[in-house]
Amino acid sequence: MSREPEIRIDGLSHSYDAREGPLLALQDIALEVPRGRFVGLVGPSGCGKSSLLMMLAGLVTPSQGRITVAGQPVAGPAPERIGVVFQDPSLLPWRSALDNVAFPLKLRGMARAEREARAAELLELVGLRGFETRYPHELSGGMKQRVAIARGFCQDPPVLLMDEPFAALDEQTRMTLGDELLRIWDAHRKTVVFVTHGLTEAVYLCDEVVVLSGRPGRILERVEIDLPRPRTWEVMASERFGQLRERIWRLIRTQP
Ligand code: ADP
Ligand code: MG
């Protein structure tokens, strides 16, 4: 069995060409993520979390450095290898929930019956059984986000990138979806990179939380979340949970 980490980032720096000149967004990022790990990415607003995710997804090319996923360089979007779920569910308004989830499979040329069966299975997994024929405008924010998560899982990519997927939701929905995500992750053991500004959410979900500095984003610390799994809500009241959250908060608070 290969011991190559699922995700490897080496010497990555990135500048944008901003109006005022080059803007250094990320500096000297090196990170290895073993297969099946659930990794959080936190840091002050504007520190480059989304940029890093876009680079992992092959949507932005880093100005320097190298990213490999499963040993292969990332050289453009590859949704069958690397799935992405953004904060804004960006569903196609003229397609039903089922068709939104099945759409990436259609693009891949999968036969209709097969892709619809797969999409229905995933909708059930995220708790949307019975809503298959609904259109996005008939769904609540939380339901739309579930559809987007099902779509992210639809191609069954070994790596799933999530950029603040629950940020727009109320606390209760966020917690519920977090639990659902953990359940799905537990069943499929994908490698997950999860960007969030919610520290409680980060500690609750992750095996490890990578803390970035203020811009330009550098890795300040990788905090191992040594809480038992499966996680249940009671863990949040534990002393260890509080210590880990506090540790991350301290690191972020001292950033500009
Ligand atoms: P985060 O997700 O951590 O809030 P981003 O990755 O969105 O941070 O942005 C990092 C920095 O790069 C910010 O200062 C942002 O303004 C800048 N930035 C992001 N995208 C672009 C772009 N396309 N062109 C110029 N600057 C950008
Ligand atoms: Mg962002």
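Read the numbers this way: they start at 1 and go in the same order the structure lists the ligands and their atoms. The first residue in the sequence is number 1, and the count goes up from there.
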Looking at Arg215, which atoms of ligand 1 are within less than 4.0 Å of one of its heavy atoms?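 So the answer, numbered in order with elements, is 11 (C), 14 (O).
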Relative to the ring of Tyr16, is the ring of His14 parallel (under 30°), tilted (30 to 60°) or perpendicular (over 60°)?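 Perpendicular, since the angle between the ring planes exceeds 60°.
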Are [X] and [Y] side-chain neighbours, meaning at least one heavy-atom pair lies under 4.5 Å?
| X | Y | answer |
| --- | --- | --- |
| Thr68 | Ile9 | no |
| Leu244 | Asp226 | yes |
| Phe166 | Leu181 | yes |
| Phe86 | Met54 | yes |

Could you tell me the separation between the CG atom of Asp10 and the CD atom of Gln64, rounded to the nearest 0.5 Å?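 Reported value, rounded in 0.5 Å steps: 12.0 Å.
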Purely on distance, is any nitrogen or oxygen of [X] under 3.5 Å from one on ligand 1?
| X | answer |
| --- | --- |
| Lys49 | yes |
| Ala25 | no |
| Cys47 | yes |

Per-residue contact class, Ala18 against ligand 1 - non-hydrogen pairs under 4.0 Å: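 None of Ala18 does.
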Answer side chain, backbone, both or neither: which part of Asp163 comes under 4.0 Å from ligand 1, heavy atoms only.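 Looking at Asp163 and ligand 1, no heavy atom falls under 4.0 Å.
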Donor + acceptor pair across side chains of Ser13, Asp28 (<3.5 Å):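 The criterion, which ignores hydrogens and geometry beyond distance, is not satisfied for Asp28 and Ser13.
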Residue-ligand contact Gly43/ligand 1, heavy atom below 4.0 Å: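 Contact check Gly43 vs ligand 1: negative.
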In the protein, which heavy atom is nearest to [atom], and how far is it?
| atom | value |
| --- | --- |
| atom 13 (C) of ligand 1 | Gly46 O, 3.7 Å |
| atom 7 (O) of ligand 1 | Ser50 CB, 3.8 Å |
| atom 5 (P) of ligand 1 | Ser51 OG, 3.7 Å |
| atom 15 (C) of ligand 1 | Leu23 CD2, 4.9 Å |
| atom 8 (O) of ligand 1 | Gly48 N, 3.2 Å |
| atom 22 (C) of ligand 1 | Tyr16 CD2, 3.4 Å |

Quick one: give me the number of protein N/O/S atoms under 2.8 Å from the Mg ion (ligand 2).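 Protein heteroatoms (N, O, S) closer than 2.8 Å to the Mg ion (ligand 2) number 1.
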May I ask you to check if Arg247 and Trp249 form a cation-pi contact, with NZ or CZ under 6.0 angstrom from the six-membered ring centre and within 45° of the axis?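 Not satisfied by the 6.0 Å and 45° rule.
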Within the supplied structure, the quantity of interest is the number of heavy atoms (other residues, nucleotides, ligands) at a distance under 6.0 Å from Arg183 CZ; does it exceed 12?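 Atom CZ in Arg183 is packed in, count exceeds 12.
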Please determine if Arg229 and Asp207 form a salt bridge, counting it only when a charged side-chain N lies under 4.0 Å from a carboxylate O.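 Yes.
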Salt bridge check: are Glu180 and Arg146 linked by an N-O gap of less than 4.0 Å?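 Judged by the 4.0 Å cut-off on N to carboxylate O distance, Glu180 and Arg146 do form a salt bridge.
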Protein non-hydrogen atom below 4.0 angstrom of atom 11 (C) of ligand 1 present: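 Under the 4.0 Å cut-off, atom 11 (C) of ligand 1 does have protein heavy-atom neighbours.
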Identify the heavy atoms of Ser238 and Leu227 that sit nearest to each other, and give their distance.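 Scanning both residues, the minimum pair turns out to be OG-CD2, 4.3 Å.
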Remaining members of hydrophobic cluster (4.5 Å side-chain criterion), Met110: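 Leu105, all in the cluster of Met110.
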